[in-house]
Amino acid sequence: MRLVAVSVLLGTLSLPTMSVAQAKGEPVQTSGNPILADGRYYSTDPAPLVDGDTLYILTGRDEAPKGVNDFIMKEWQLLATKDPASGRWTHYPALARPEALFAWAEPGRAYAGQIVKGKDGRFWLYAPVLQRDGDAKDRFAIGVAVANDPRGPWRDAHPAGPIISQTVPIANTIQNIDPTVLIDDDGRVYIYWGTFGRLRGMELKADMLTPAGPEQVIDGLTGFFEAPWLMKRKGVYYMLYAGNNAGPDSPCTPALYHACQAWGTATSPLGPWTYRGVLLKPVSSTTSHAGAVQFKGQWYLTYHTADAAGGGHFRRSVAIDRLEWDDSISPPAIRLVTPTRAPRPAPAPSRNIAPAALAVASDPVRTQFWIKALNDGIVREAPLPPDMWSSWRGEANPARPWVEYRWARPVTMTGSAIRFFADQPAGAHVGVAPPAAWHLEYWRDGWRPVPGARGYGTAIGSDQGVRFPPVTTRCLRAVFDASGSAAEGYAGVAVQEWQVLAPTPRRAAPAPAPATAAPCG
């Protein structure tokens, strides 16, 4: 251990620790976001780094099988470009694995890390991993590796163990992940980390490893959930973070499982912090993780989505867009970022006119579910609550809930299809179960049953179609008889997607749903 301490002090790379070979790169040509789009590799938790004429992005790698809702993340990757607008990137898969970097770490859970370039010219990787041994209630801990090049080879810079855990440098009870590090203009080093609404900050000594001051509890950042990103511009400190203050009137997100990217400012590196607003609204993945950096005079925001081929909430992919500033106010504000996508083929002709409707429901908006999911065209094998609408309240679920589509003008339809979700069997009176029955109603001077309708299946896992003679109306309603009884109570009803079918396919996608539409009754 004395030899290790001397090696770290001298700043050498001759550490008697585990090392990782330099990653090999593969060329990638993109036409837009996400950067890795074909589904061969999923990438997540981007952390940008500029070194000379190259922009690097450290990412994790999602490897969850299709339909598995878990963060299966075994390694980190690296992306590099000299010009983001060119679409030319180099992908370095298998940059490092936790167990190869740190002798004290176990495989898997290669969560969000960050690489920074130290004043000594070397690169420092701050990585959250699981400790193999120990009696901490939560074994996530932050280790540090060092290299002469962002591509490696990497070596453990602190082989004695993590620099942050539930036992070092002082006892804490938070999950110690998502480190972000800033080397200030005066050379002083600051690290922030945390998740589940708990944020910590601390100064490190010049060795990039040792605490230079106490661990501080950080507050003032409204809705903080996780994924802090610390940066500085024009003397102002900025903190980007995943916000989760959900609600129907929230500037961040209406759905509990989703997150926005929010930001705050401070005049000193450890705060106090002031919340300033939202810079990126919820994207297609429930999680949100971002990093920003200036490269060749332009600022960029890196973030992840579920937009790659076969993507999902646990198969995410990194995207990059320009980040702009409003310097007319003090402190300068970050403008709202508009996510971009690579050009996509024109949609195939479709009879489904539901995307052009406004969706409403009998129950008030609930933050656990998202009525927007009814007609977003997305059906997942293993959906999360925001991927569906549901009448589930936890208790006292309604006996006859309904959902309704309102179009801006009358439309003609000849069919409908609903995909139900359930976590309980048919007939259950708790949880979410298939409805006992359901039917469609349309508006014509009052709500009337759709005449001649046939179908009304309640099976799970496939679309339950209904056919009927042509009906022209501005409003259509699906009414559900919930499973259960008045004596025992009723289960909730959940719908992943509700299609409404016109007589013939349309070659162009329907116009987006209106923000508001007049009630029919």
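Hydrogens, waters and symmetry mates play no part in the numbers below; they use all other heavy atoms, side chains included. These numbers come from a predicted model, not from an experiment. Along the sequence shown, residues carry numbers from 1.
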Exercise. Say whether, by atom type as modelled, one donor and one acceptor occur between the side chain of S31 and the main chain of A342 under 3.5 angstrom.
Key: no

Quiz item: Should L476 and V500 count as side-chain neighbours, where that means a heavy-atom distance under 4.5 Å?
Solution: yes

Exercise. Check whether the side chains of S284 and D307 place a donor and an acceptor atom closer than 3.5 Å, and report yes or no.
Key: yes

Quiz item: Can you find a pair of side-chain heavy atoms, one from F140 and one from T195, that are under 4.5 Å apart?
Solution: no

Quiz item: Got a sec, which residues hit salt bridge (Lys or Arg N to Asp or Glu O under 4.0 Å) with R474, two or more places apart in sequence or on another chain?
Solution: none

Quiz item: Hey, does D178 have a side-chain heavy atom less than 4.5 Å from the side chain of Q114?
Solution: no

Self-check item: Between Q261 and S288: side-chain donor-acceptor atoms closer than 3.5 Å
Solution: yes

Quiz item: Taking atom CD of E395 as the centre, does the number of heavy atoms from other residues, nucleotides or ligands within less than 6.0 Å exceed 12?
Solution: no

Practice problem: Would you name the heavy atoms of A292 and W229 that are closest together and state the gap between them? | Solution: O-NE1, 3.0 Å

Quiz item: With side chains defined as the heavy atoms from C-beta onward, is the minimum distance between P398 and Y490 less than 4.5 Å?
Solution: no

Quiz prompt | Salt bridge R109-D70, side-chain N to carboxylate O under 4.0 Å | solution = yes

Quiz prompt | Chi angles and distances behind the side chain to side chain donor-acceptor pair (under 3.5 Å) call for H304, D62 | solution = CA-CA 11 Å; H304 65 223; D62 278 347; over 6 Å; no

Quiz item: What's the shortest heavy-atom distance between I460 and F420, and which atoms?
Solution: CD1-CB, 3.5 Å

Quiz item: So, for Y456 and W438, is the gap between ring centers shorter than 6.0 Å?
Solution: yes

Practice problem: Check whether any side-chain heavy atom of R233 lies under 4.5 Å from a side-chain heavy atom of D327, and answer yes or no. | Solution: yes

Quiz item: With N375, which residues qualify under side chain to side chain donor-acceptor pair (under 3.5 Å), at least two apart?
Solution: none

Practice problem: Verify, without hydrogens or angle tests, whether Q77 (side chain) and G60 (backbone) share a donor-acceptor contact under 3.5 angstrom. | Solution: yes

Quiz item: If you take all heavy atoms of T458 and Q464, which pair is closest and at what distance?
Solution: N-OE1, 3.6 Å

Quiz item: Is the gap between the ring centers of F314 and F71 under 6.0 Å?
Solution: yes

Practice problem: Could you tell me which non-hydrogen atom of G243 sits nearest to which non-hydrogen atom of C252, and how far apart they are? | Solution: O-SG, 3.2 Å

Quiz item: CG of L440 to CD of E404: how many Å apart, nearest 0.5 Å?
Solution: 12.0 Å

Quiz item: Is any side-chain heavy atom of V181 closer than 4.5 Å to a side-chain heavy atom of L230?
Solution: no

Practice problem: Give the intermediate values and the outcome of side-chain contact (heavy atoms from CB on, under 4.5 Å) for residues W325 and K234. | Solution: CA-CA 12 Å; W325 298 86; K234 294 186 176 182; over 6 Å; no

Quiz item: What about the rings of W193 and Y126, do their centers lie closer together than 6.0 Å?
Solution: no

Practice problem: For atom NZ of K281, decide whether the heavy atoms of other residues, nucleotides or ligands shown that lie under 6.0 angstrom number more than 12. | Solution: no

Practice problem: Measure the spacing between OG1 of T287 and CG of N244 and express it to the nearest 0.5 Å. | Solution: 11.0 Å

Practice problem: Answer yes or no: is there a side-chain heavy-atom contact under 4.5 Å between K74 and P107? | Solution: no

Self-check item: Close aromatic pair by centroid cut-off 6.0 Å: F224 and W273
Solution: no

Quiz item: Going by atom types only, do D138 and Q166 share a side-chain donor-acceptor pair under 3.5 Å?
Solution: no

Practice problem: Grab the two heavy atoms, one from K232 and one from W299, that are nearest each other, plus how far apart they are. | Solution: O-CH2, 4.2 Å

Quiz item: Do S362 and R400 have side-chain atoms, one donor and one acceptor, less than 3.5 Å apart?
Solution: no

Quiz item: So, H289 versus R316: side-chain donor-acceptor pair below 3.5 Å or not?
Solution: no

Exercise. Kindly compute the distance separating CD (Q499) from CG (D463), expressed to the nearest 0.5 Å.
Key: 5.5 Å

Practice problem: Kindly assign one of parallel, tilted or perpendicular to the pair Y300 and F295, based on the angle between their ring planes and the thresholds 30° and 60°. | Solution: tilted

Practice problem: Using ring pair (Phe, Tyr, Trp, His ring centres under 6.0 Å) as the criterion, point out the one residue from Y405, F421, F480 that pairs with W498. | Solution: Y405

Quiz item: Rounded to the nearest 0.5 Å, how far apart are CD of E441 and CH2 of W443?
Solution: 10.5 Å

Quiz item: What heavy-atom pair brings A306 and G312 nearest, and what distance separates the two atoms?
Solution: CB-O, 3.4 Å

Exercise. Tell me yes or no: between the side chains of Y303 and D321, is some donor less than 3.5 Å from an acceptor?
Key: yes

Quiz item: How long is the gap from CZ on R61 to OG1 on T44, to the nearest 0.5 Å?
Solution: 12.5 Å

Quiz item: Does a donor on one side chain sit under 3.5 Å from an acceptor on the other, for S391 and N397?
Solution: no

Quiz item: Applying the side-chain contact (heavy atoms from CB on, under 4.5 Å) test to L323, which of L280, L301, V293, T302 qualifies?
Solution: L301

Exercise. Go through V28 and L79 one step at a time and tell me if the side-chain contact (heavy atoms from CB on, under 4.5 Å) criterion holds.
Key: CA-CA 9 Å; V28 173; L79 295 164; 5.6 Å; no

Self-check item: Heavy-atom side-chain contact between L240 and I334 under 4.5 Å
Solution: yes

Practice problem: Determine, stepwise, if the pair Q368 / W392 fulfils side-chain contact (heavy atoms from CB on, under 4.5 Å). | Solution: CA-CA 9 Å; Q368 188 170 4; W392 185 82; 3.5 Å; yes

Exercise. Check the pair R393 / D363 against side-chain contact (heavy atoms from CB on, under 4.5 Å), numbers first and verdict last.
Key: CA-CA 9 Å; R393 300 173 179 174; D363 274 16; 3.1 Å; yes

Quiz item: If you round to the nearest 0.5 Å, how far is OG1 of T340 from CD1 of I320?
Solution: 9.5 Å

